[in-house]
Amino acid sequence: MKQRKRFITIFLCLMIFIASVPSYVFGLEDDGSIDLYEVFSSKADRMKTEVGSRIFKWSMHLPDDAIVYKSDRANYFDMYTESYQSNVSLEVMKNEQKYTLEDILYSRQMNTRDFHYYWYYSQKEFTFDIQQDERGEKYIRIVKMDPFYDYYLIDDAAEEFSSYIENRIYIKNDYIYNLEVTMEGRYYRENPEMFNKLTSSFVLSYDENSPYIKELSDSVSEPRAYDNTSYGWRITVNPYWKEEGISNARVQHFTAVYSDEEIYGTDEDILEEELDFNNHLPFREGITVSLVSSALPTETAEGWAKEEIQDLQQNYNDKVYEILQAEKVQLGDAEGYRVKIKYTTIPKNPYVVDTLYVIGRGYKYRLVANISDKKYNEPRTREAFETMLKSFRLTNQRSSYLGKILDPTSLIDWTEPKEIKTKRYNYKADLTKIWHTHDNFYSGGYGYYDYYDNYYYYPSMGNQESVSAYQTGNNMALMMMAGFDTRSFDDIIKDYVNMILERDEVRIGLADLQVSSATIGPVSIYRIITEYDLDAMNQFALTDETKSYDYTSLTNQYTYMVKLGNDLYTQTVTIPLANTTDYTKRSMEGVWKNTSILGTNYSSRIGSWNRHHNSEFLN
C-alpha cells in the first residue's frame, strides 16, 4: 500500500514538473505545433521560436500561432497572434539626422497637427515618457487606447472594449526602432502578463548562432533551388539572393538581399554617391525569368534569339552597344541560346544584359540578367550571375491550369495600314500597325500644351487638339497638334527656334539645329531638325566629370509646321539618341510623307527645301 502511495506521489510530482516547463521548449520539437511552413521557406523553420533581422539587429519572441507578414528586408515587420490576441508592428529607420530620444519626444509632443477633430487622427494617450527596459535600454513609452469605441460607447464601457496599445521607440545601432503592440482590451485587462511577455521579448540585437531564430530578411547563406511549380522551371539561387513579389509568378525576379552597408552605405559611400552623377541604371539589378508564350513546333531558341538581335540592330545605334557573346547553350535536356550585350547608353555607367532564350515543353522562356559593367568586371560577382543562369532547368512540375499562351506579336501584320487623325481639324497621318496610339486628348479651355524638349508651346486658348503614337521597340514618339494661333508664322517660328537655340548643347556644338522652309503657292512649311552628335557627346561626357547623359532619354527631334489662316499644324517625331539609326530615321521620314492637312499631302508637292542660317532667328 505504501509503495502504491509512493508511486502515485512520484507520478504527480513528475506531472507537476512537466507542466511547469515553459511551453516553448516543446515548440522546439518538430511536432507541427508551430506551423509556419506557409510563411517561412523550409520545414526546419517550424523549429523557430523567435524572429529577427541580422541586417537591422533585432529579434523578438515568436508565439506558436504567429502569422508573420512578408517584408523584403525586415525593416518593416508585422505579426498577428490569436493566442495573445495581439498585433505587433515594427518599423526600423536609419537615424540619419542623429536624433536623440529627447528630440523625438519633443517632436511627438509639440509638433501636433491642428486637424485632430477628424476621428481617425484622434488619440487617447495616457503615458508619454522616457523609461528603461529590463536590459537597461532607454526608450520612449507611449501608452494609448484605440479611440474607436469612444464614438459609440460612453465612460467605462468604451475603455473596457478599447484595445490597449503600447508604442516603444528605441535608438540604437544608428537606427530608430518604432515598435507598437496592440492587444484586445478585455483580454489585456485579464492577462496583462501576456502583454509584458510579448513586449519584453523585443531585443536590440541578433544572435546569428542561435538555431531558434528565424531570419526575416531571407539572407540565406547557402545556394537554394527555386522551383516555379506553376510554369515548370527551376533555378539555383545564390547565397543572399531571394525572389521578389509573389512566388510562382509568370514573371519572377530575383535580387540580392543586401547588407546594411550595401543598403545605406558608409558615410563615405553616401558622400561619393551624392557626388557621382553617373550611378543611374535603367533597370533593377538582378535576374528575371519569364514564360513568354507557347512555342510553335518549328520555333528554335537560336531562331528566336537571332530575331531579337536583328531588332536590336535596327532599333539601337551601333555605337551604344556591343555584342559580347551569341552562342548555343545546353541547359539539361533543353537547348538554349545565349546573347550577352554591353550597353553604353549611359557613357559613364555602362551595363551588361545577359539573356538566355530557351524553348521546351511547348513554351518559350526568357532569362535576363542585368548587371552594371563595373560589377560584371568583378570575377566573384560575374561568377555568381554565371552560376545562376547556367543552373536553369525545365521541369515537368507545372500548374494543371497552364494552357496555351498566345504570342500577340505573331498575330499581327505590322505592315498593315493604320490611320491617326484629329477629330475636328482633318489632320491625319497614314501609319502602319507598328505604331501604337494613345487616346485622343483635348486642351479645351484649360490652358496650353507645354513645350519641354518634345512639344510646342501653345498660348492659353481653346480650339486645340492633338493625337499621338509611339513605337515600343525604339521609344520613338509622334505628336500631331492643331490649334488656333493668330500670331504671324514668322513670329511663331522665331519663338520656337529661339527656345532650341537656348539649349546649352546647341550653343556649344554638341547638337545641330537645322531650319529649312518650303513654299507651295501661298502656304509656307517649316522643317526644324535637332540632332545630337553622339561622338561629340561621348567625348564631352568622358572628359568632364560633372557631366552625365542618358542617351535613352536624350532625344533627337524632327518637327514640321504649317500655318493655314489662323490655324497652326505641328507634327513632331522624337527618337532617343540611343535609338537613332537609319531604320528609325526612315520610319520617321515616312510619317511626314504620309501626312495630309485638310486633304492635302504637302510632302509630295515640295520640290526642294531652303536652308536657313540660325542667326536669322536670334533675338
Side-chain angles (χ1 to χ4, degrees), residues 48 50-62 68-79 88-111 127-142 165-181 198-210 212-221 239-242 244 255-276 279-281 284-285 375 381:
K48 309 302 184 183
E50 293 180 79
V51 287
S53 168
R54 68 172 180 85
I55 295 175
F56 296 100
K57 303 176 180 66
W58 66 271
S59 61
M60 191 172 188
H61 172 65
L62 179 69
V68 179
Y69 298 92
K70 288 183 177 181
S71 175
D72 285 345
R73 290 191 294 262
N75 60 318
Y76 183 79
F77 167 66
D78 197 3
M79 175 176 74
V88 179
S89 66
L90 171 69
E91 185 177 11
V92 185
M93 296 159 284
K94 193 74 172 175
N95 189 12
E96 295 179 351
Q97 303 300 322
K98 308 300 179 187
Y99 288 127
T100 64
L101 289 176
E102 290 75 14
D103 293 332
I104 296 174
L105 182 68
Y106 176 85
S107 177
R108 288 291 186 100
Q109 285 279 61
M110 303 303 294
N111 296 339
T127 300
F128 221 120
D129 192 12
I130 295 179
Q131 296 187 6
Q132 196 170 52
D133 65 20
E134 53 267 36
R135 297 175 185 84
E137 301 286 357
K138 292 179 66 178
Y139 65 95
I140 295 173
R141 181 170 181 254
I142 306 170
I165 305 169
E166 186 167 316
N167 188 188
R168 293 187 176 191
I169 301 173
Y170 292 86
I171 295 179
K172 194 176 181 180
N173 307 318
D174 206 23
Y175 295 118
I176 299 171
Y177 300 84
N178 188 5
L179 173 70
E180 186 167 282
V181 181
L198 202 54
T199 54
S200 63
S201 72
F202 180 71
V203 181
L204 294 176
S205 62
Y206 181 84
D207 183 1
E208 298 200 31
N209 297 317
S210 172
Y212 307 125
I213 190 167
K214 168 61 185 176
E215 166 61 273
L216 288 177
S217 57
D218 204 17
S219 53
V220 179
S221 58
Y240 303 106
W241 277 62
K242 68 186 287 283
E244 289 190 336
T255 189
V257 180
Y258 299 105
S259 68
D260 170 58
E261 288 72 23
E262 289 170 315
I263 295 170
Y264 293 107
T266 62
D267 291 340
E268 292 77 14
D269 292 334
I270 293 171
L271 179 60
E272 184 179 346
E273 279 199 12
E274 288 175 349
L275 296 174
D276 182 12
N279 53 18
H280 166 74
L281 285 173
R284 176 88 184 271
E285 213 165 61
K375 288 187 177 181
T381 308

Side chain to side chain contact (heavy atoms under 4.5 Å, CB included) between Ile142 and Arg108, worked out: CA-CA 10 Å; Ile142 306 170; Arg108 288 291 186 100; 3.9 Å; yes

Criterion side chain to side chain contact (heavy atoms under 4.5 Å, CB included) on Thr127 and Glu166, from CA distance to verdict: CA-CA 9 Å; Thr127 300; Glu166 186 167 316; over 6 Å; no

Evaluation steps, side chain to side chain contact (heavy atoms under 4.5 Å, CB included), between Met60 and Leu90: CA-CA 10 Å; Met60 191 172 188; Leu90 171 69; over 6 Å; no

Side chain to side chain contact (heavy atoms under 4.5 Å, CB included) between Ile55 and Tyr206, intermediate numbers included: CA-CA 9 Å; Ile55 295 175; Tyr206 181 84; over 6 Å; no

CA sep, side-chain torsions, deciding dist, call: Trp58, Tyr175, ring-ring contact (aromatic ring centres under 6.0 Å, His included): CA-CA 11 Å; Trp58 66 271; Tyr175 295 118; over 10 Å; no

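Looking at Leu62 and Met79, their side chains come closer than 4.5 Å, going by heavy atoms from C-beta outward. With a 4.5 Å cut-off on side-chain heavy atoms, Thr255 and Glu285 do not count as touching.
The heavy-atom pair separating Lys375 from Thr381 by the smallest distance is O-CB, 3.4 Å. In terms of heavy-atom proximity, Asn167 sits nearest to Leu179 at ND2-O, 2.9 Å. Across all non-hydrogen atoms, the minimal contact from Ile169 to Asn178 is CG1-OD1, 3.7 Å. The heavy-atom pair separating Ile130 from Leu101 by the smallest distance is CD1-CB, 4.2 Å. Here the closest non-hydrogen pair linking Ile213 and Gly52 is CG1-N, 4.4 Å. The shortest heavy-atom contact between Lys98 and Asp103 is O-OD2, 4.4 Å.
Within the 3.5 Å criterion, the main-chain N or O of Tyr177 finds no donor-acceptor partner in the side chain of Tyr139. The backbone N or O of Ser59 lies less than 3.5 Å from no partner atom in the side chain of Ser205, so there is not a single donor-acceptor pair.
The residue from Gln132, Arg168, Lys172 that alone fulfils the side chain to side chain contact (heavy atoms under 4.5 Å, CB included) condition with Glu137 is Lys172.
Here the CG atom belonging to Asn75 is positioned 4.5 Å from the CZ atom belonging to Phe56, to the nearest 0.5 angstrom. Taking CD of Gln97 as the reference point, atom CD1 of Ile104 lies at 11.5 Å (rounded to 0.5 Å). Distance CD/Glu96 to CD1/Ile176: 9.5 Å, rounded to 0.5 Å. Atom CZ of Arg135 is separated from atom OG of Ser200 by 6.5 Å, given to the nearest 0.5 angstrom. Taking CG of Leu204 as the reference point, atom NZ of Lys57 lies at 11.5 Å (rounded to 0.5 Å).
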